[in-house]
Number of protein chains: 2
Amino acid sequence: MLVDGSDIGQRSETVRRANLSAIARGLHERGPLSRSDLVAATGLTRSAIRSLVGELASAGFVTEEGAVRLGTPGRPSPLVRPDPVSATVLALEILVDSIAASIVGFGGVQLEHVRQDRPRLQLNVDDVVADLATMAADLRARAGTPIVGVGVAVAGVVRRSDGLVSMGPNLGWVDVPLGARLDRVLGIRAPLVVTNDADAGVLAEHRRGAAEGTDDVLFVSGEVGVGGGAIVGGRPLTGAAGYGGEIGHLPVNPDGAACRCGATGCWETEVGEGVLLARAGLAPDAGSAGVDAVLRAADAGDEQALAALAHVGRWLGIGLGGLVNVLTPRLIILGGLHGRIHPYVRDALQAELGRRALPAPRALVSVVPATLGDDAPLVGAAELAFEPLLADPAAWFGRRGAMHLASA
Amino acid sequence: MLVDGSDIGQRSETVRRANLSAIARGLHERGPLSRSDLVAATGLTRSAIRSLVGELASAGFVTEEGAVRLGTPGRPSPLVRPDPVSATVLALEILVDSIAASIVGFGGVQLEHVRQDRPRLQLNVDDVVADLATMAADLRARAGTPIVGVGVAVAGVVRRSDGLVSMGPNLGWVDVPLGARLDRVLGIRAPLVVTNDADAGVLAEHRRGAAEGTDDVLFVSGEVGVGGGAIVGGRPLTGAAGYGGEIGHLPVNPDGAACRCGATGCWETEVGEGVLLARAGLAPDAGSAGVDAVLRAADAGDEQALAALAHVGRWLGIGLGGLVNVLTPRLIILGGLHGRIHPYVRDALQAELGRRALPAPRALVSVVPATLGDDAPLVGAAELAFEPLLADPAAWFGRRGAMHLASA
DNA sequence: CAAGGTTTGTGATCCTTTCGTCGAAATCTG
DNA sequence: CAGATTTCGACGAAAGGATCACAAACCTTG
């Protein structure tokens, strides 16, 4: 019997929560701000800001530093600095050829970081979970900070609600209850959220990368498969149940090659790593080193390599054209494989994009390579893990996150 | 220097606005509710509801009726009823073969309605604008109600910010400043918003049609072209600048037929009306009557008609499969042509959809025909026009909308 | 028909949170 | 050093919902 679900009745306490959240979010996303910056940013009065900042400070999340004089007249405003060790999150990443973990502090500072390259095999779930748990325990011991959330980015189709990986074609996973398993093994009493690697990637680029300040973004991340994530109107595009953005399986050539998903002619079958390698005359599973070889060959003027890149570029443009018509992003970010080959495929891509996309949306969009590299999903997972804290900082005032306890 | 843009500082007056908005929206979308229903719906106290409803009542937007006894123990709660004539909107629709106008009252009641069929020609902008103005003036004179907003749905690519129709292939329009022109001609001092017909359609189905209560919806409306609109996470999918959802121009067959948009192999070229008619052996411009003929022939077992329908059904499934992977809707609504042929293409569509969509999102989605018919865009335009009122009812307390004035 | 239970409306008062305004403090400029 | 500028800190004011007690209206039961 809800009127709107979110538009539920508001009370004065709601206001404080929202304002506290706005301040915490501002500090987390933009770094240290003076109190007067916060006044300007929120439109609240100095009195209100003082009270709110004071609350955050006494809870330990921020510190107030003596005013820095910056040459302007008037009494200088003290700097409010998010304290990185007051609240941290654990971010985990499961990609096709590596797993990684990091601990990120409030404000976005990476405090600890480990990456473990893995042979590109079908990764055994038990091994991955166990290894991540070890890595996490190690990092936590080193950092010694309270954990307020856990974010996991995985190369697969993920149901947000419970972290079920319904399908991870490149990992060989089917219906793996990753969220539940990690939650049990890690024993961290803080919210855990699992998401698709590209969805995490676009969040990362939006918060701390090429898409800062842009509210309509499409992120395409090509590795073995092609993943995608989007920000639409400033919020992540997650469809029902939190699946969503599987743009690699857009049918672009229905009578084309068979795809690992069972269909034929998915976008992935025209722009994936395997296609590029095969068309360049290499083994489709030559991996990252193979891609390097293709690019070197192209630099040297090798016809076959250039043709392979042209093919991928053209089909990138075709698929992106369709996606531009549907989603109208202002920015398309190419990550992973496609970020690397961007300089080589740019012209073919743009030509085809110009042909496929409708003029009006076409005029708005630009295509750029990603700026965060391999760590994008990890950064995004961390950002996602911070969400509960940022949405309602007051809820964390009592408990200082999960320290070292596994019991209820 | 905004912290979030929307997450701007909140104050106590924000709370009242939000609560007033929640009540107004609840009444508009659900119809009359008792005060105790509102208490349950919003989570506010009886005192608060009393005060808020009182405010709406004294502004004239709602009336309170003597309690209806419904057999349950306890004091009966008076019914709060939105007053349809207290605030109305003007909705306009420009489709390929008809234009229409209606006046819709608060609560969603259609008070006046006119539709004018037009020969399917390139519609002259001046004529359309003039005719709509006449229709609107006529309706307004008959209704005599205050207008709080104007919504326009048009079969074209629309920039929301200013109502520019950048392209209306089936109308023969290019870069028509429809919003500005209508605003000038109508002379109504109330917000005017222009939107794509399919975007309006999905909003209508979401509020008052097949998708009530479903937060992830894809609406496909086939007429001469193929339009689309989506609701994602409860909110309309409008990309940058308010373009968006042009799913008819998804490339599904890059080496296929030429599309009116200039590209080749757009979805539209496989599932549009012209394709169905041509494959059934009729003239591609036989229009609605032609479609009827095809369906009758199919009923009679005509091979060619059945094959044509099978073709469209198959390609519908292909395109929808891709869109399911990207957007993960819970419901796909087929409107216009595709709603009419749904019974005939269902099997081919489902078969192909099952093959193209990934299992997880596939399992969530169902495909149904639209329930609102030709008026869907009109209803959606009205809903959109109500948005300013619903978002902040208090802003309308003083002025009772625009009555009959054209001056500033 | 009367008594008791249940639900809701009403009004007074309290609590929370922000706003507005004051004088004081800290800095730059001339 | 005086003046201008900007901010701080603190106080009371204002707004709005919550709480509580009580009355009203309905049902059920004997």
Side-chain angles (χ1 to χ4, degrees), chain A residues 1 3 7-24 32-58 62 64-80 392-395 397, chain B residues 1 3 7-23 32-58 62-80 392-395 397:
Chain A
M1 233 310 199
V3 163
D7 253 344
I8 208 74
Q10 310 262 309
R11 52 203 69 187
S12 45
E13 160 201 350
T14 317
V15 175
R16 193 170 190 81
R17 192 182 318 152
N19 287 341
L20 223 35
S21 166
I23 292 176
L33 294 172
S34 75
R35 255 152 83 160
S36 69
D37 284 342
L38 288 171
V39 168
T42 60
L44 297 174
T45 61
R46 291 194 293 275
S47 326
I49 292 293
R50 176 171 69 104
S51 154
L52 294 164
V53 167
E55 202 163 348
L56 287 174
S58 74
V62 304
E64 289 197 89
E65 292 180 5
V68 257
R69 51 184 79 172
L70 21 72
T72 58
R75 177 171 175 171
S77 193
L79 203 62
V80 184
D392 187 8
F397 281 176
Chain B
M1 231 313 195
V3 163
D7 256 343
I8 207 71
Q10 310 261 310
R11 51 204 67 187
S12 50
E13 135 200 303
T14 317
V15 174
R16 194 166 188 83
R17 192 183 318 153
N19 288 339
L20 225 32
S21 166
I23 292 177
L33 294 172
S34 75
R35 256 152 82 161
S36 70
D37 285 342
L38 289 170
V39 168
T42 60
L44 297 173
T45 60
R46 295 197 294 272
S47 327
I49 292 295
R50 174 167 63 109
S51 155
L52 294 163
V53 167
E55 205 162 346
L56 287 175
S58 75
V62 304
T63 55
E64 289 198 88
E65 292 179 5
V68 255
R69 53 181 79 171
L70 22 69
T72 58
R75 178 172 173 171
S77 195
L79 204 62
V80 183
D392 187 8
F397 281 176

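Numbered from 1 within each chain, the chains take letters A, B, ... in sequence-line order. Just so we're clear, the structure is a prediction, and the values are computed from it rather than from any experiment.
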Below the 4.0 Å mark, does C:dG11 have OP1 or OP2 next to a side-chain nitrogen or oxygen of B:Arg50? yes
Can you check whether B:Ser36 has a side-chain N or O nearer than 4.0 Å to OP1 or OP2 of C:dT7?
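Checking B:Ser36 against C:dT7: no side-chain N or O falls below 4.0 Å of OP1 or OP2.
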Under a 4.0 Å heavy-atom criterion, the protein footprint on nucleotides 24-29 of chain D, written with B, S and -, is BBBS--
- Distance in angstrom units between A:Ile49 CD1 and D:dC8 P, rounded: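 Result: 10 Å.
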- Query: Taking CG from B:Leu38 and C1' from D:dG17, how many angstroms apart are they, rounded to a whole number?
  - Reply: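 Spelled out: CG on B:Leu38 to C1' on D:dG17 is 16 Å.
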Output, in order, the C-alpha distance, side-chain angles, deciding distance and verdict of side chain to side chain donor-acceptor pair (under 3.5 Å) for A:Arg16 and A:Ser51.
CA-CA 10 Å; A:Arg16 193 170 190 81; A:Ser51 154; 2.7 Å; yes
- Message: Within the structure provided, determine whether B:Gln10 and A:Arg17 are in side-chain contact (heavy-atom separation under 4.5 Å).
- Response: no
Original post:
Is B:Pro393 close to B:Leu56 at the side-chain level, that is, under 4.5 Å between some pair of heavy atoms?
Top reply: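 A side-chain contact exists here, since the closest heavy-atom pair is under 4.5 Å.
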Test side chain to side chain contact (heavy atoms under 4.5 Å, CB included), reference B:Leu52, set B:Leu38, B:Leu20, B:Thr42, output is B:Leu20
Practice task
Please state whether the base of D:dG17 and the side chain of B:Arg46 form at least one donor-acceptor pair under 3.5 Å?
Solution key: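 Flag unset: no donor-acceptor pair detected.
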Can you pull every protein N or O that's under 3.5 Å from an N or O on nucleotides 16-20 of chain C?
residue	atom	partner	partner atom	Å
C:dT18	OP1	A:Asn19	ND2	3.0
C:dT18	OP2	A:Arg16	NH1	2.7
C:dC19	OP2	A:Thr45	N	3.2
C:dC19	OP2	A:Thr45	OG1	3.1
C:dG20	O6	A:Ser47	OG	3.1

Testing the basics here: between [X] and [Y], what is the closest heavy-atom pair and its distance to 0.1 Å?
X       : Y       : answer
B:Glu65 : B:Pro78 : O-CB, 3.3 Å
B:Ser77 : B:Ser36 : OG-N, 3.0 Å
B:Arg35 : B:Val53 : CG-CG2, 4.4 Å

### Message
Rounded to the nearest 0.5 Å, what separates atom CG in A:Asn19 from atom CD in A:Glu55?
### Response
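Interatomic distance, A:Asn19 CG to A:Glu55 CD, rounded to 0.5 Å: 11.0 Å.
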